[in-house]
Amino acid sequence: HLEIKKKTRIKPDIFQTTNRLNLLYIDILAGKAQKLAITDKHQAFLIYSQIKSLYKIIPKDKKALVSKKCLELHSLLAAK
């Protein structure tokens, strides 16, 4: 029973840490893609694809933390 208690206590911590890392990684990737959007739009689009994949797996209540930056990047990439 001790193992089950440990798992139930540790599991939320793992999810919380994973979400934080994903949010941090999205923020870093978005910054990199914004810089590349001017010089290498193709590479920026590749990074944007990674961001979209990560964005899909973070919880809804955490998406607000990076949504503005993602929308700015989307607009930047959509501009001709």
Side-chain angles (χ1 to χ4, degrees):
H1 291 307
L2 183 59
E3 284 299 313
I4 293 172
K5 286 182 181 179
K6 281 183 184 179
K7 285 181 183 179
T8 57
R9 223 179 49 231
I10 293 173
K11 195 173 181 178
D13 290 342
I14 291 171
F15 284 125
Q16 186 177 23
T17 302
T18 301
N19 289 331
R20 284 183 187 161
L21 288 172
N22 285 336
L23 290 168
L24 177 62
Y25 195 44
I26 287 171
D27 189 56
I28 291 168
L29 287 174
K32 186 175 179 180
Q34 285 177 336
K35 290 176 186 173
L36 283 171
I38 297 166
T39 59
D40 190 352
K41 212 164 199 173
H42 175 73
Q43 187 65 30
F45 272 113
L46 293 175
I47 293 170
Y48 184 68
S49 294
Q50 290 178 305
I51 293 169
K52 287 193 318 184
S53 295
L54 289 169
Y55 192 82
K56 288 178 185 177
I57 62 172
I58 59 175
K60 285 183 180 183
D61 63 322
K62 303 294 181 195
K63 289 182 182 193
L65 299 172
V66 291
S67 63
K68 182 180 178 190
K69 196 162 192 175
C70 290
L71 287 172
E72 288 171 357
L73 177 59
H74 178 79
S75 297
L76 184 62
L77 293 174
K80 293 185 179 184

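Please read all numbers here as calculations on a predicted model, not as lab measurements.
Within a 6.0 Å sphere centred on NZ of Lys35, other residues, nucleotides and ligands contribute 12 heavy atoms or fewer. Enclosure of atom CD1 in Ile57 by more than 12 non-hydrogen atoms of other residues, nucleotides or ligands within 6.0 angstrom is indicated.
Under the rule for a side chain to side chain donor-acceptor pair (under 3.5 Å), Tyr55 has no partner lying at least two apart in sequence or in another chain. Every salt bridge (charged side-chain N to carboxylate O under 4.0 Å, His left out) that Asp27 has, sequence neighbours left out, goes to Lys69.
Of the inter-residue distances, the one linking Cys70 atom SG with Lys63 atom NZ reads 10.0 Å to the nearest 0.5 angstrom. Between the NE2 atom of His74 and the OG atom of Ser67 there is a distance of 13.0 Å, given to the nearest 0.5 Å. Here the straight-line distance linking atom CG of Leu73 with atom CD1 of Ile26 works out to 11.5 Å at 0.5 Å rounding. To the nearest 0.5 Å, the span separating NZ on Lys32 from CD1 on Ile47 amounts to 5.0 Å. For the atom pair CZ (Phe45) and CG (Leu77), the distance works out to 4.5 Å, reported to the nearest 0.5 Å.
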Review item, side-chain donor-acceptor pairs of residues 18-25, under 3.5 Å, at least two apart:
unit_1 : atom_1 : unit_2 : atom_2 : d
Thr18  : OG1    : Ile14  : O      : 2.8
Asn19  : ND2    : Phe15  : O      : 3.2
Asn22  : ND2    : Thr18  : O      : 3.4

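Ile28 and Leu71 fall into different hydrophobic clusters, defined by Ile, Leu, Val, Met, Phe, Trp and Tyr side-chain heavy atoms under 4.5 Å apart, directly or through other members.
Counting heavy atoms from C-beta outward, Gln50 and Ser53 have side chains that stay 4.5 Å or more apart. The shortest side-chain heavy-atom distance between Val66 and Ile51 does not fall under the 4.5 Å cut-off.
Closest of all the heavy-atom pairs between Ala33 and Ala44 is O-CB, 3.6 Å.
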